Number of protein chains: 2
Amino acid sequence: MSTKKRESTGFLIKQRAFLKLYLITNIENGRWYGMKLLDELRKEFKPMGFEPQHPEIYRALHELLEDGILKRGKIKKDGSKYQEIAVYYIRDAEKASAYKKLIKYDIDRSYRMIRKALEDNFS
Amino acid sequence: MSTKKRESTGFLIKQRAFLKLYLITNIENGRWYGMKLLDELRKEFKPMGFEPQHPEIYRALHELLEDGILKRGKIKKDGSKYQEIAVYYIRDAEKASAYKKLIKYDIDRSYRMIRKALEDNFS
DNA sequence: ATATGAACATCATGTTCATTG
DNA sequence: CAATGAACATGATGTTCATAT
C-alpha cells in the first residue's frame with residue numbers, strides 16, 4: 001500500500017513538460033509539424049537564451065501521442081516535391097486541457113519558488 | 001579560437017546554482033553548517049513541494065569552497081558531547097557578491113521564461 | 001545517533017548518427 | 001537536403017553506503 005517512493009525532489013518544472021505545454025497550445029491553434037514547432041519555440045525563447053534541441057521536441061510529441069492527447073497525419077509539404085512530414089492535431093481536447101491544467105500547477109509552483117528566491121536573496 | 005561548444009541549451013536555472021545562492025545568503029548572515037542549512041531550506045521550500053537532498057547541499061558547499069567564496073572551520077557542536085561539525089564563513093565578500101549577481105541574472109531569465117509561459121498558454 | 005562525505009545509480013537532456021522521400 | 005527518428009553520451013541529481021564522533 002503505502003510504499004512511498006519519491007519521484008523527484010520537486011525543484012523547478014522540467015523542460016519536457018514545459019515544451020509539451022507549448023506544443024499543445026500551438027497545435028490547438030493550427031496545423032503544425034515538428035520542425036515548425038521547434039523553429040517557433042526557438043524564435044520565441046532565443047531572446048531569453050533558451051534554444052531547445054530537436055530530439056527533445058520529438059520526444060515530447062511522441063509522449064503526447066502515447067498519452068492519447070495528440071494524433072498525427074502525414075502530408076506532403078507545400079512547395080516541396082517529395083518530403084513527407086508528420087502533422088499533429090488534438091486527439092482529445094478534454095485530456096489536452098486536463099494536462100495543461102496539471103502543468104499550470106507545476107509552473108505556478110516554479111513561479112513562486114523563483115519569486116521567493118528573488119525576495120530572500122536580493123532585498 | 002572560435003570553437004563554439006554550447007554548455008547547455010539555457011533552460012531554467014539549475015538546482016545547484018539555486019542552492020548556492022541561498023547558502024551564500026545564509027552564511028552572510030551568520031554561522032551555519034551543512035545540516036542546518038539543509039533543514040532551513042527544506043523548511044522554507046516544503047510548502048512549495050521542494051525538498052533538497054543532503055548530498056546536493058554538500059556538493060554546493062564544496063564548490064563554493066573551491067571557488068574561494070567560502071571558508072570553513074571545524075567546531076564542537078554546542079550541547080553535543082562529541083560530534084564535530086564544519087561551519088562555513090564568507091572568505092571573499094567581493095567574490096560572493098559577484099557570484100550572487102551572476103545567479104541573479106539567471107534567475108531573472110528564468111522568471112521571464114515562466115511568466116511568458118503563463119501568458120502564452122493561459123490567457 | 002548525527003553530520004559529513006564518497007560511491008554508485010538513474011533520469012533528463014544533449015550530441016551524433018541513420019533513414020526516408 | 002529537410003524532416004524524422006533512433007542510438008549513444010553526458011550531466012545533474014537522487015540513493016545508498018562508509019566513516020567519525
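Here is the naming used below: chain letters follow the sequence lines, and residue numbers restart at 1 for every chain. FYI, side chains are in, hydrogens and waters are out, and symmetry mates aren't considered; it's all heavy atoms of this structure. Keep in mind the model is a prediction, meaning the values are calculated, not measured.
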(message) For a quick test of reading the model: is some side-chain N or O of B/Y58 closer than 4.0 Å to OP1 or OP2 of C/dT4?
(response) yes

(message) What's the closest nucleotide to the side chain of A/H62 if the choices are D/dA7, C/dA7, D/dG5?
(response) D/dG5

(message) Rounding to an integer number of Å, can you tell me how far A/E56 CD sits from D/dT4 C1'?
(response) 15 Å

(message) When you compare the side chain of A/W32 with that of A/V87, does any pair of heavy atoms fall below 4.5 Å?
(response) no

(request) Measure from CZ on A/R16 to P on C/dA12 and round the result to the nearest Å. (result) 7 Å

(request) Specify the separation, in whole Å, of atom CD1 of B/I85 and atom P of D/dT19. (result) 22 Å

(request) Would you kindly give the NZ-to-C1' distance between B/K20 and D/dT13, to the nearest whole Å? (result) 14 Å

(request) Scan A/Y88 against the nucleic acid and name what it touches under 4.0 Å (heavy atoms): base, sugar-phosphate only, or nothing. (result) sugar-phosphate

(message) Is A/R72 close enough to D/dG5 that one of its side-chain N or O atoms is under 4.0 Å from OP1 or OP2 there?
(response) yes

(request) Using a 4.5 Å cut-off on heavy atoms from C-beta on, say whether the side chain of A/I13 contacts that of A/I107. (result) yes

(request) Answer yes if A/L37 and A/Y89 sit in the same cluster of Ile, Leu, Val, Met, Phe, Trp and Tyr residues linked by side chain heavy atoms under 4.5 Å apart, and no otherwise. (result) yes

(request) Taking the side chain as every heavy atom from C-beta outward, state whether B/F11 and B/M113 have any atom pair closer than 4.5 Å. (result) yes

(request) Mind calculating the distance between NZ (A/K74) and P (D/dT4) to the nearest angstrom? (result) 8 Å

(message) Output the rounded distance in Å from CZ (B/F11) to C1' (D/dG11).
(response) 16 Å

(request) Looking at every strand, decide which applies to A/H54 at a 4.0 Å heavy-atom threshold: base, sugar-phosphate, or nothing. (result) base

(request) Nearest-nucleotide wise, let me know which of B/D39 and B/R59 is further upstream toward the 5' end of DNA chain C. (result) B/D39

(request) Between B/P52 and A/P55, name the one whose nearest nucleotide on DNA chain D is closer to the 5' end. (result) A/P55

(message) C/dA3, OP1 or OP2 - any side-chain N/O from B/Y33 closer than 4.0 Å?
(response) yes

(request) Measure from CD on B/Q53 to P on C/dA7 and round the result to the nearest Å. (result) 20 Å

(request) Please state how far atom NZ in A/K14 lies from atom C1' in D/dT13, giving the value in whole angstrom units. (result) 9 Å

(request) Look only at the side chain of B/S110 and the backbone of B/L12, and say whether a donor-acceptor pair between them is shorter than 3.5 Å. (result) no

